[in-house]
Amino acid sequence: MSSDQPKKEISAIKGTHDILPEEARLWQLAEARAREIFELYGYRELRAPVIEPTELFEKGTGASSDIVTKEMYTFVDKGGRSVTLRPEYTPSVVRAIIEHRLDLQSQPLRYYYMGPMFRYDRPQKGRYRQFHQIDIEVFGEKDPAVDAEIVEMAHRLLARLGVEDVLTLVNSVGCKKCRPAYGQELRQAALAARDKLCPDCQRKAEVNPLRIFDCKNEVCRQVASGFPLIIDFLCAECRDHFHKFREYLDLYGIEYRVEPTLVRGLDYYTKTAFEIVAEHLGAQNAICGGGRYDDMVREFGGPDLCGIGFAMGLERLLSVARIQVPKDSFVYFAYLGDQAKKESLRLARVLRSEGIECLVEFRDRGMKAHFSRANKLGADWVLIIGEDELKKGKYQLKDMVNSRQFEGSALELAGIIKGKKILEIG
RNA sequence: GUGAGUGUAGCUCAAGGGUUAGAGCACCGGACUGUGGAUCCGGUGGUUGGGGGUUCGAAUCCCCUCACUCACCCCA
């Protein structure tokens with residue numbers, strides 16, 4: 001680089017990250033496990049665009065939510081439309097269902113997806129501006145058994161990824177019939193105790209009193225502990241739903257704790273709300289969050305179709321996952337001279353056709369340097385081609401793990417590598 | 001958006017106003033021209049995050065800015 005180049009190098013946008021090959025292996029593995037498990041339960045992938053009309057989230061996520069009011073990547077495109085990089089996935093699925101009349105298919109509809117989401121937050125551990133979620137949704141099933149099913153499915157995935165020390169919190173946030181009455185009672189209690197609360201909670205008392213329960217201030221917690229709880233206000237239907245949900249959780253052997261103050265941050269939840277938190281994750285410890293949203297599809301002008309789902313944060317998941325990436329096995333070509341290099345290139349094509357990973361480097365090296373390099377790269381096999389091998393048309397294959405060496409034709413060696421045939425030489 | 005802390009080689013860290021900013025690891029090469037991991041020797045690599053100021057002199061002190069970390073807030 002010449003000295004008159006600009007000094008500032010271009011770096012990734014704040015809150016976004018490159019996932020380098022070594023780490024990408026972990027992502028691939030986690031994503032593959034998630035797919036396997038979801039498909040075992042009959043879920044199928046539904047891919048929606050990263051970018052959506054802004055109003056989709058204003059209506060879906062909620063115009064008063066923090067996500068919509070201050071965290072969206074929103075801009076006007078060249079056609080003058082306001083568009084937004086999705087901050088969450090559920091509204092997109094709802095849009096797709098209505099747009100493609102998926103509700104006419106036999107229900108329930110089970111979907112999963114994984115991909116990037118965008119929120120203009122202040123980055124910190126476990127919170128990034130571009131982050132990734134694994135998302136599942138079920139539509140058209142009001143039986144609380146499905147609520148328990150997705151929790152159980154989440155647990156299975158966590159177990160598969162070696163995530164330990166998790167705590168599952170469940171609650172019911174009621175429905176249109178019973179929540180308003182509770183909301184009023186709570187607001188009254190909050191306003192009555194207003195001057196004892198921290199400035200932040202004084203504001204919440206007006207805007208969203210449920211949030212006071214989340215305050216970490218000791219005084220606020222004390223005060224809030226005397227507030228009424230939603231669970232005492234649930235209508236018969238919601239109470240029954242919650243009861244059965246818990247019965248099914250017991251049936252599945254899922255350990256959980258009823259957290260009467262658990263409230264999901266998105267406006268649309270009804271009845272079941274749950275969260276799975278992990279220890280050793282710091283302040284952003286929610287690894288999975290979800291719940292039921294029975295009114296959302298209808299509110300979008302679609303059919304009366306209930307829904308439930310959850311999202312898992314992949315970054316958070318991976319930071320507590322204990323997964324072993326299997327080591328790749330490949331053949332390194334150690335050649336001497338230009339003729340041997342060309343023969344290596346030719347041979348590598350043959351072996352690749354046999355499904356064997358091959359690495360031919362183009363730089364001229366001595367045999368020792370080749371081996372040193374092969375070792376550094378972690379090659380399981382080194383295929384040696386020099387003058388002797390060119391003459392014979394047979395090659396030396398060294399097993400780098402057991403330090404054994406074999407001789408044979410390309411296909412014979414391929415057989416050895418694939419473990420089908422052993423031709424050992426003295 | 002608010003508060004606090006931290007930025008020195010690719011990584012982990014020294015030097016705390018005074019020669020030319022060092023070490024380990026990593027990378028490249030040699031000892032060793034057809035057989036790796038070890039050892040020894042050498043080499044590449046820095047406008048000390050960036051900009052401005054104070055000073056005879058700044059990695060070091062001050063201001064701004066950027067990034068990261070932690071917390072608030074929010075949430076996955």
Side-chain angles (χ1 to χ4, degrees), chain A residues 3 5-9 11-17 20 61 65-71 87-90 114-136 154 198-201 203-204 208 211 214-217 262-266 274-278 281-291 309-320 332 334-337 340 363-390 395-405:
Chain A
S3 58
Q5 290 291 314
K7 292 166 196 166
K8 244 184 205 161
E9 62 185 41
S11 55
I13 286 174
K14 185 183 184 121
T16 71
H17 296 280
L20 303 179
T61 309
S65 68
D66 275 35
I67 290 178
V68 170
T69 54
K70 38 189 191 191
E71 295 174 6
E88 58 144 343
Y89 196 63
T90 306
M114 44 196 91
M117 308 290 157
F118 303 84
R119 291 184 200 171
Y120 197 89
D121 259 4
R122 177 96 175 242
Q124 67 182 66
K125 192 171 191 68
R127 188 170 81 184
Y128 311 104
R129 290 185 174 178
Q130 177 180 329
F131 63 105
H132 299 77
Q133 287 189 334
I134 296 177
D135 187 280
I136 76 100
C198 72
D200 223 44
C201 286
R203 184 180 53 83
K204 291 178 190 168
N208 192 352
R211 284 257 158 243
D214 298 337
C215 188
K216 279 150 193 162
N217 183 309
L262 175 70
V263 48
R264 302 257 82 238
L266 309 172
F274 69 94
E275 190 168 290
I276 302 175
V277 298
L281 211 53
Q284 312 297 328
N285 68 346
I287 202 170
C288 174
F310 69 69
M312 278 190 179
L314 257 169
E315 283 84 355
R316 292 181 189 180
L317 187 58
L318 285 167
S319 77
V320 292
Y332 178 94
Y335 57 83
L336 293 173
R363 185 166 152 183
D364 196 26
R365 289 178 216 266
M367 194 52 72
K368 193 171 189 73
H370 270 310
F371 267 84
S372 176
R373 176 81 179 149
N375 191 58
K376 190 156 297 166
L377 295 172
D380 278 1
W381 306 94
V382 172
L383 202 148
I384 301 157
I385 307 182
E387 280 180 36
D388 299 347
E389 288 77 13
L390 283 174
Y395 314 96
Q396 299 288 323
L397 177 71
K398 176 141 184 185
D399 175 344
M400 292 295 277
V401 180
N402 301 309
S403 282
R404 287 184 302 183
Q405 196 156 316

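- To the nearest whole angstrom, the two P atoms, one in B:U20 and one in B:U39, are 36 Å apart.
- Only the P atoms considered, B:C66 is 15 Å distant from B:G50, to the nearest whole Å.
- A donor-acceptor pair is defined here as one N or O able to donate and one able to accept, closer than 3.5 Å; such a pair exists between the side chain of A:Arg316 and the backbone of A:Gly126.
- Rounded to whole Å, the separation between the C1' atoms of B:C74 and B:G16 comes to 40 Å.
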All N/O contacts under 3.5 Å from nucleotides 35-39 of chain B to the protein, with atom names and distances to one decimal?
| from | atom 1 | to | atom 2 | distance (Å) |
| --- | --- | --- | --- | --- |
| B:U35 | O2 | A:Lys398 | NZ | 3.4 |
| B:U35 | N3 | A:Gln405 | OE1 | 3.0 |
| B:U35 | N3 | A:Gln405 | NE2 | 3.4 |
| B:U35 | O4 | A:Gln405 | NE2 | 2.8 |
| B:G36 | OP1 | A:Lys368 | NZ | 2.4 |
| B:G36 | O2' | A:Asn375 | ND2 | 3.3 |
| B:G36 | O6 | A:Ser403 | OG | 2.2 |
| B:G36 | N1 | A:Met400 | O | 2.6 |
| B:G36 | N2 | A:Asn375 | OD1 | 3.0 |
| B:G36 | N2 | A:Met400 | O | 3.0 |
| B:G36 | N3 | A:Asn375 | OD1 | 3.1 |
| B:G37 | O4' | A:Asn375 | ND2 | 2.8 |

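- The shortest side-chain heavy-atom distance between A:Met312 and A:Met114 does not fall under the 4.5 Å cut-off.
- When atom types are taken as modelled, the side chain of A:Glu315 and the backbone of A:His132 share a donor-acceptor pair closer than 3.5 angstrom.
- In the interface, the side chain of A:Arg211 is not paired with the base of B:C73 through any donor and acceptor atom under 3.5 Å apart.
- Using a 4.0 Å heavy-atom criterion, one finds that A:Gly289 contacts the sugar-phosphate atoms exclusively.
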Scan nucleotides 67-70 of chain B against the protein and return all N/O pairs shorter than 3.5 Å with their distances rounded to 0.1 Å.
| from | atom 1 | to | atom 2 | distance (Å) |
| --- | --- | --- | --- | --- |
| B:A67 | OP2 | A:Lys14 | NZ | 3.1 |
| B:C70 | OP2 | A:Lys125 | N | 2.7 |

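- Between A:Tyr332 and A:Met400 the shortest side-chain heavy-atom distance does not fall below 4.5 Å.
- Separation of atoms NZ (A:Lys70) and CG (A:Asp121) is listed at 9.0 Å; rounding is to 0.5 Å.
- A:Arg363 comes within 4.0 angstrom of sugar-phosphate atoms only, judged by non-hydrogen atoms across all strands, and of no base.
- Put simply, the side chain of A:Glu387 does not reach to within 4.5 Å of the side chain of A:Leu336, judged on heavy atoms.
- A donor N or O paired with an acceptor N or O is found under 3.5 Å between the base of B:C75 and the side-chain atoms of A:Arg316.
- For A:Glu389, the salt bridge (charged side-chain N to carboxylate O under 4.0 Å, His left out) criterion is met by no residue, not counting sequence neighbours.
- We find that NZ of A:Lys70 is positioned 15 Å from P of B:C72, with the value rounded to whole Å.
- Distance check, rounded to the nearest 0.5 Å: CD1 of A:Ile385 to CD of A:Gln396 gives 11.0 Å.
- Between the CD atom of A:Glu88 and the C1' atom of B:A76 there is a distance of 11 Å, rounded to whole Å.
- The separation of B:A59 from B:C68, taken at their P atoms, amounts to 26 Å, rounded to a whole angstrom.
- Between A:Met312 atom CE and B:A76 atom P there is a gap of 13 Å when expressed in whole angstrom units.
- Taking atom CZ on A:Phe274 and atom P on B:C75, their separation rounds to 16 Å, with Å as the unit.
- Heavy atoms of A:Ala374 sit nowhere under 4.0 angstrom from any nucleic acid atom.
- By the 4.5 Å heavy-atom criterion applied to side chains, A:Phe131 and A:Gln133 are counted as neighbours.
- For the C1' atoms, the distance linking B:C56 with B:C40 amounts to 46 Å, nearest Å.
- Nucleotides B:U44 and B:G49, compared at atom C1', are 23 Å apart to the nearest Å.
- A heavy-atom distance below 4.5 Å is found between the side chains of A:Glu88 and A:Thr61.
- For B:G16, the glycosidic angle deviates from 0 by 90° or less, giving a syn base.
- A:Asn285 has its CG atom 10 Å from the C1' atom of B:C75, to the nearest Å.
- We find that CG of A:Leu318 is positioned 17 Å from P of B:A76, with the value rounded to whole Å.
- Across all strands shown, A:Leu336 has heavy atoms under 4.0 Å from base atoms, whether or not it also approaches the sugar-phosphate.
- Contact annotation: the side chain of A:Thr16 never approaches that of A:Phe118 to less than 4.5 Å [non-hydrogen atoms, C-beta and beyond].
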I'd like a list of close polar pairs between nucleotides 43-45 of chain B and the protein, N/O only, cut-off under 3.5 Å.
none

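- Residues A:Met117 and A:Asp135 fail the side-chain proximity criterion, which asks for heavy atoms closer than 4.5 Å.
- Atom-to-atom, CD of A:Gln130 to P of B:C75 comes out at 20 Å; the value is rounded to the nearest Å.
- Residue contacts shown for A:Asp388 include a base, since a base heavy atom lies under 4.0 Å away.
- As rounded to the nearest Å, B:G22 and B:G46 have P atoms that lie 14 Å from one another.
- Atom CD in A:Gln284 sits roughly 10 Å away from atom C1' in B:C72 (whole-Å rounding).
- The main-chain N or O of A:His370 is never found under 3.5 Å from a side-chain atom of A:Arg365 such that the two would form a donor-acceptor pair.
- When the P atom is used for both B:U69 and B:C63, the distance is 24 Å, rounded to whole Å.
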(Q) Show me the dot-bracket string of RNA chain B, counting Watson-Crick or G-U pairs under 3.5 Å, with | for pairs to another strand and [ ] for crossing ones. (A) (((((((..((((....[...)))).(((((.......))))).....(((((..]....))))))))))))....
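- Within the 3.5 Å criterion, the main-chain N or O of A:Arg122 finds a donor-acceptor partner in the side chain of A:Arg127.
- The side chain to side chain donor-acceptor pair (under 3.5 Å) search around A:Thr90 returns A:Glu137, not counting sequence neighbours.
- You'll find the side chain of A:Cys288 reaches within 4.5 Å of the side chain of A:Phe274, heavy atoms only.
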